[in-house]
Each structure stands twice: as structure tokens, then as C-alpha cells.
Trainee: 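Quick one: this structure, given as C-alpha cells, is what I'll be asking you about.
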Amino acid sequence: MKKHSIILFFLLLGFGTHTVNAQDLLGDLYGSWNMTKYESRIKTQLATGKVTFESDGGFLSEGVYFGTVKGLFSTNETRSIVIIDIEGVKSEWTASVKKGVLRLRTPSGTRQPKVYMMFKKIVV
């Protein structure tokens, strides 16, 4: 009985930790971000522009990789993926936010061109 309790404790601890980390992604995305770095072999871009993730699911790009457009975004919390939908065309991005820095990368194993972007949070 004691052995089963210990196993259950660690399973619940692991699940709880995973759930908390996954939920942070969506909340951490909200706000505006200035581009600080861009890497791609396919498309050349200057490291300028801004993206905004609104709490109502709206996405606004000013310059950057996406151009100047409005769209929608959602997240897959389990995979740490941001899905950006611009006029019905969806793209997936592996995302991480740490210390006010957002990193977006095309997921490995996809047909999307390999792109890496880094943004700094705009603090108002």
C-alpha cells in the first residue's frame, strides 16, 4: 500500500507541474513584443517590427516575418505551440517565454521553412 501511495504521489506531482507550466504560455504571450533577432535561410528580414497577442485571441503583426496583418492565435499548451491564423492560413510555432524574451521557432519535422525569431516584451 505504501509503495502505491509513493508512486501515485510522484505521478500527481509530475502531472501538476506539467499543467502549471503549460498554462503559463498563454498568459505570458499577452502583450506587445519587439523583434530583436531573426534567422532564416529562405526569407531575409530585418530584425525589426512588432507582434501583439491580445487577450481576446487577436494577433497583430507590424512588419516582421508575417508582414503587417491582423489575425488570430491560439495555443497548444501540451506541446508549447502557438498557432497563428492569418486569413485562414495557419502556421505553428514552438514557443517559449523566459525573462521577458519570447522565442518562436518553426517546429522540427514540419514542411515550413526553418525560421527562428526572438522578441523582447514591451513594458508600458
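This is a predicted model, so every value here is computed, not measured.
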Trainee: Considering only heavy atoms from C-beta outward, does the side chain of Leu26 approach that of Glu77 to under 4.5 Å?
Mentor: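 They are in side-chain contact.
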
Trainee: Mark yes when over 12 heavy atoms from residues, nucleotides or ligands other than Lys50 sit less than 6.0 Å from its NZ; otherwise mark no.
Mentor: no

Trainee: Rounded to the nearest 0.5 Å, how far does OG1 of Thr52 lie from CD1 of Ile122?
Mentor: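 Going from the CD1 atom of Ile122 to the OG1 atom of Thr52 covers 6.5 Å.
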
Trainee: With the 4.5 Å side-chain cut-off for hydrophobic clustering, are Ile84 and Met118 part of the same group?
Mentor: no

Trainee: With rounding to the nearest 0.5 Å, note down the distance linking CD in Glu92 to OG1 in Thr75.
Mentor: 11.5 Å

Trainee: Give, for atom CG of Leu72 and atom CG of Leu60, the distance between the pair rounded to the nearest 0.5 Å.
Mentor: 12.0 Å

Trainee: Using the rule that Ile, Leu, Val, Met, Phe, Trp and Tyr join whenever any side-chain heavy atoms are under 4.5 Å apart, tell me whether Leu29 and Val69 fall into a single cluster.
Mentor: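 Yes, same cluster.
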
Trainee: To the nearest 0.5 Å, what is the distance between CG on Leu104 and OG on Ser96?
Mentor: 8.0 Å

Trainee: Determine whether the aromatic ring centres of Phe53 and Phe59 lie less than 6.0 Å apart.
Mentor: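 That pair passes the under 6.0 Å test.
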
Trainee: Are Glu39 and Lys37 close enough for a salt bridge, meaning some N to O gap below 4.0 Å?
Mentor: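 A salt bridge is present here (some side-chain N lies under 4.0 Å from a carboxylate O).
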
Trainee: Is a side-chain donor or acceptor of Thr68 paired with a backbone partner of Glu62 at a separation under 3.5 angstrom?
Mentor: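 Such a contact is absent between Thr68 side chain and Glu62 backbone.
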
Trainee: Do Val97 and Trp33 make a side-chain contact, defined as non-hydrogen atoms from C-beta onward lying under 4.5 Å apart?
Mentor: yes

Trainee: Who pairs with Glu54 by salt bridge (Lys or Arg N to Asp or Glu O under 4.0 Å), at least two apart in sequence or on another chain?
Mentor: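 Not a single residue meets the salt bridge (Lys or Arg N to Asp or Glu O under 4.0 Å) criterion with Glu54.
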
Trainee: Would you mind reporting whether Val115 and Tyr38 have side-chain heavy atoms less than 4.5 Å apart?
Mentor: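 A side-chain contact exists here, since the closest heavy-atom pair is under 4.5 Å.
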
Trainee: Apply side chain to side chain contact (heavy atoms under 4.5 Å, CB included) to the pair Thr36 and Phe119, showing each step before the final yes or no.
Mentor: CA-CA 5 Å; Thr36 58; Phe119 299 86; 5.7 Å; no

Trainee: Quick check against the 3.5 Å criterion: does Ser61 have a side-chain atom that pairs as donor or acceptor with the backbone of Gly67?
Mentor: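 Yes, because the side chain of Ser61 sits within donor-acceptor range (under 3.5 Å) of the backbone of Gly67.
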
Trainee: With ring centroids as reference points, do Phe66 and Trp93 lie under 6.0 angstrom apart?
Mentor: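 Ring-ring flag for Phe66/Trp93: true, centres closer than 6.0 Å.
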
Trainee: Measuring from Tyr116:OH to Arg105:CZ, what's the distance to the nearest 0.5 Å?
Mentor: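 Spacing of OH (Tyr116) from CZ (Arg105) equals 6.0 Å.
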
Trainee: For a quick test of reading the model, state the closest non-hydrogen atom pair linking Ala95 to Val82 and the distance between them.
Mentor: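 In this case the closest contact between Ala95 and Val82 is CB-CG2, 3.5 Å.
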
Trainee: Establish whether Ile86 and Met117 are linked, either directly or via other cluster members, by ILVMFWY side-chain heavy-atom contacts under 4.5 Å.
Mentor: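 Linked within one cluster.
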
Trainee: Main chain of Ile81, side chain of Thr94: is a donor-acceptor contact present, judged purely on distance under 3.5 Å?
Mentor: no

Trainee: Which of parallel (below 30°), tilted (30 to 60°) and perpendicular (above 60°) describes Tyr30 and Phe73?
Mentor: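 Answer is perpendicular, since the angle exceeds 60°.
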
Trainee: Just checking Lys114: does its NZ atom have more than 12 heavy atoms from other residues, nucleotides or ligands closer to it than 6.0 angstrom?
Mentor: yes

